Amino acid sequence: MKTTTLAALGLATTIATTATAEDIKVGLLLPYSGVYAALGNEIDAGFELGLEQFGSETDATFEIVREDTEVKPPVALGKAKKLILQENVDVIAGIVSSGVLGAVRDMVHGAAVPLIVANAGNDGATGADCSPFITRMSFSNGQVNRPMGTWMYEQGVRKVYTLAPDYAAGRQMIDAFEATFTAAGGEIVGQDFTPFQKTQDFGPYLTHAKSSGADALYVFYAGGEAISFVKQYDSFGLKTELPLYGSGFLTSSLYVNAQGPAAEGVIAVSHYVPTIENDANAKFVDGFTANVGRAPSEFAVQGYDAARALIEATKAGATDRASLANALRQVTFDGPRGTLSIDPATNNIVQPIYTYETVARADGLTQKVLAQLPSEADPANGCVMDPVSH
Amino acid sequence: MAGFFHVGGGSPKMITDLGFWTLQALNALQLSMLLFLLSVGLTVIFGLMHFVNLAHGALYALGAYFAASVAAMWGYWAALLLAPVAVAGVGVLLYSGFIQRMRKSGPMAQVLVTFGLIFVLLDMTRIVWGDLPLAIEVPAMLGGRLAVLGVEYPTYRVFIIVLGLVVLGGLAFVLGRTQIGAMIRAGVDNDEMAACLGINVERLFFCVFCVGCALAGLAGVVAAPLLSVTPDMSLQILIPTLIVIVIGGLGSLKGAVAGSLIYGFVQTFGAVLAPQLSSVLIYALLAAVLVIKPVGLFPAKG
Amino acid sequence: MLELNAVNSGYGETQVLYGMNVTAQPGRVLAILGRNGAGKSTTLKTIMGLLPTKSGTITFDGAPIAKRPFDIAKSGIAYVPETRDIFPSLSVRENLELASKRFGGGAWTIERVIDLFPRLGERMDNGGMQLSGGEQQMLAIARALLMNPRLLVLDEPTEGLAPIIVKLIHDKLQDLRREGLSMVLVEQNFGFATSLADDVVVVGKGQVVWSGSAAEIRADAETQHKWLGV
């Protein structure tokens with residue numbers, strides 16, 4: 001198996017180097033405006049850096065066409081059509097919101113255009129709705145949260161109160177945590193799902209959680225909601241009696257400075273923090289900091305690795321839509337997050353997961369990695385696909 | 001086994017715990033006061049000028065952004081003073097640029113233009129301050145917690161409640177007990193007759209508009225340390241504010257107070273007692289008010 | 001004192017006044033009579049700046065009248081509208097103070113208007129909407145007087161009032177007339193108007209169709225019949 005792959009790789013490399021340089025047209029489909037514009041720009045910066053640092057490894061050259069989804073599914077579908085039919089791109093990368101991913105899924109699947117998902121974490125996208133053309137280089141909601149249930153129980157937490165916004169991602173994150181936490185013997189003593197992007201005041205929920213008798217709070221919030229939540233959590237003085245744990249986005253390096261001292265001591269689980277210690281991450285963080293002026297977030301690494309996956313696919317000899325889709329499903333490399341691979345059964349990424357604590361240093365808040373939890377492939381979750389061809 | 005406990009509702013312990021309900025009442029009051037600061041400007045402007053200014057929420061966001069910039073240089077207290085003034089300045093531009101010439105156009109045109117303004121201002125905040133959320137730290141004096149009514153409550157939230165009550169008291173005094181207030185009420189009742197009594201209604205409206213904008217800015221400053229300062233905060237606050245003034249009745253201080261309190265308490269206690277319904281509860285109440293009393297509970301005119 | 005010269009005016013696109021010429025003399029009462037829709041109230045609203053003058057001129061004390069209602073009010077014209085327009089959110093006292101505090105220093109004070117209409121004195125702290133029709137009319141007149149005007153403009157002061165109140169209003173306005181207050185009065189009540197007025201104009205279809213003294217119109221049965229339907 002290994003030898004055949006290697007042989008194929010070797011053969012492909014030979015072909016690639018002998019052939020005239022292939023030009024790959026990449027459509028970046030990201031929100032450059034709207035509520036997720038910050039994430040879109042972060043992923044874009046990561047993607048650019050990926051091409052910058054690894055582009056020389058392949059003979060292929062890349063031409064980028066950017067389209068703004070505005071985080072609106074119908075707009076995104078129109079832009080995806082434009083990229084596929086008008087721009088005639090070889091591959092699309094991006095997609096921040098799962099709603100947008102749902103909207104473009106049938107389009108890219110039907111047109112047989114490879115899509116590298118650089119954020120949207122909906123479990124179903126690499127589950128029942130999976131497609132051999134859709135490869136996810138980011139994470140799945142369940143994947144990030146699943147290890148945390150077991151880990152928190154091992155840390156001695158027994159009773160947890162959960163909070164998350166009331167939408168698919170919020171529910172999937174909490175459900176994955178809850179499944180492993182209760183399986184380990186823990187108890188969920190209460191949970192609330194707060195109206196998504198409509199909740200400004202978390203006071204009522206925090207007060208509720210406080211009187212629930214829980215040992216700890218486990219939450220998922222992202223972006224502006226995460227900032228409001230962490231600050232309000234702290235203002236109620238809950239740090240000592242109700243320690244805060246969460247899905248990594250809660251104290252993402254992108255937002256943590258806006259949370260300020262309130263975020264100190266929060267423990268979260270994520271597929272990436274900028275303080276992971278390995279050579280690949282050092283190279284990434286240095287490059288990103290030089291370009292953008294601050295440390296990269298998990299969103300940036302997703303864009304970076306999406307570019308890297310594309311480069312790896314071309315190194316394996318892929319030149320067009322069909323061969324890129326097939327090659328992307330077999331990509332594996334050591335990146336800032338550790339060893340990454342794609343699970344060909346679902347096309348979801350397989351990656352280590354990290355627990356980390358937000359700590360204060362002289363130069364601001366940073367992430368102290370507490371544990372690296374092993375990589376696990378997601379369950380197939382209803383995904384049925386043809387195997388990859390070698 | 002643990003599955004039996006997966007419930008969102010309250011356990012018997014918290015229902016008998018008075019402190020729990022006190023805290024929730026304070027939460028409700030705090031939210032009410034924040035909404036009051038925002039809705040009172042909008043509702044009085046509407047009552048006086050019959051002008052629907054949907055961009056009011058954008059002024060709130062601008063207040064928060066100005067505050068973030070000012071606080072970064074001179075601290076929170078400077079922001080609390082300067083940001084509302086700066087927002088009032090933006091109000092002056094809006095007034096002379098759009099609102100003055102749209103006074104006589106119908107409500108539909110006003111709604112469309114001011115709704116569009118939300119997005120113009122939203123993009124301007126993004127261009128000036130970027131996409132990443134900003135934050136303001138609570139000043140040291142207002143950090144920590146206070147013992148109130150037998151519970152520990154965040155000092156900053158107490159500050160919001162007190163500030164809201166002070167503004168409410170100030171407005172009630174000015175509107176109810178002073179000559180300026182009588183002029184404003186007369187203008188709301190009948191602007192033509194007020195003008196025939198020698199009142200420069202246009203100038204009065206302009207002043208009230210500026211004060212309304214400053215209050216929106218103040219709400220933005222006050223909300224900033226509690227929430228995050230994001231470009232879309234204007235859109236997030238728009239619907240709650242509109243609900244407040246529709247329930248309370250357009251154009252009256254009393255309506256803004258009643259609407260804010262109803263919203264704050266329904267939202268807070270709804271979240272606790274009926275979490276599954278919390279997002280629809282306030283809309284159901286809105287619908288009920290519209291059916292039973294379409295003009296709202298305390299409209300400016302009978 | 002007040003002169004309308006070939007004034008065209010109306011509501012939006014609908015023109016009501018077609019070359020209206022009216023002159024009010026100082027110290028005298030001018031009654032503007034005419035049927036419904038003849039343009040009487042429109043004339044007053046045009047004087048007050050509530051309707052735009054499309055062409056023609058209005059002068060007050062020899063100078064062009066101000067454009068905006070509040071400037072017109074400040075120049076010394078007080079208006080008692082047909083609908084009285086008491087501010088419902090204001091108490092009787094506040095309704096009066098709105099005028100007295102802005103136009104103080106003249107002969108008219110709150111004490112004096114209460115002397116004129118003692119009923120108002122009993123109702124000072126009532127809301128504007130709690131008053132009867134007659135009380136509202138008294139308040140509207142009192143409020144106008146507190147502006148210490150040089151010209152009082154009244155639109156149908158007797159409309160909808162009980163005969164006893166009409167009599168009272170008549171007597172009070174008669175007192176004001178004796179004191180020399182200039183007035184322009186629009187009225188449907190022919191007897192009321194002609195007993196108060198010195199001069200009378202009759203308008204029909206937005207123009208003056210007759211002018212003369214009160215005594216003359218009383219004697220002119222044909223004009224009364226043709227233009228007023230008396």
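Chain A is the first sequence line, chain B the second, and so forth, proteins listed ahead of strands; every chain is numbered from 1. Predicted model only: the values in this text are computed from it and were never measured.
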Next on the checklist: Which one wins on heavy-atom pair count under 4.5 Å against chain C: B/E202, B/M183, B/Q179, B/E192?
Outcome noted: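 Most heavy-atom pairs within the cutoff with chain C belong to B/Q179.
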Next on the checklist: Does C/L96 form a side chain to side chain contact (heavy atoms under 4.5 Å, CB included) with C/M124? I'd like the steps, not just the answer.
Outcome noted: CA-CA 9 Å; C/L96 294 173; C/M124 286 298 271; 3.9 Å; yes
Checklist entry - Going by atom types alone, do C/S55 and C/N8 pair a side-chain donor with an acceptor below 3.5 Å? => result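 Yes, side-chain donor-acceptor contact under 3.5 Å.
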Checklist entry - Do C/D198 and C/R177 sit within salt-bridge range, that is, some charged N less than 4.0 Å from a carboxylate O? => result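 Salt bridge: yes.
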Next on the checklist: At a heavy-atom distance under 4.5 Å, which candidate from C/M129, C/E94, C/K74 has the highest pair count against chain B?
Outcome noted: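 Option with the top pair count is C/E94.
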Checklist entry - Where does C/I72 contact chain B at under 4.5 Å (heavy atoms): side chain, backbone, both or neither? => result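 The answer is neither part of C/I72.
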Next on the checklist: Which atoms of C/P81 are under 4.5 Å from chain B, going by heavy atoms: the side chain, the backbone, both sets, or neither?
Outcome noted: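 Side chain only.
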Item to check | C/Y11 atom OH, over 12 foreign heavy atoms within 6.0 Å | outcome: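 For C/Y11, atom OH is crowded (more than 12 foreign heavy atoms under 6.0 Å).
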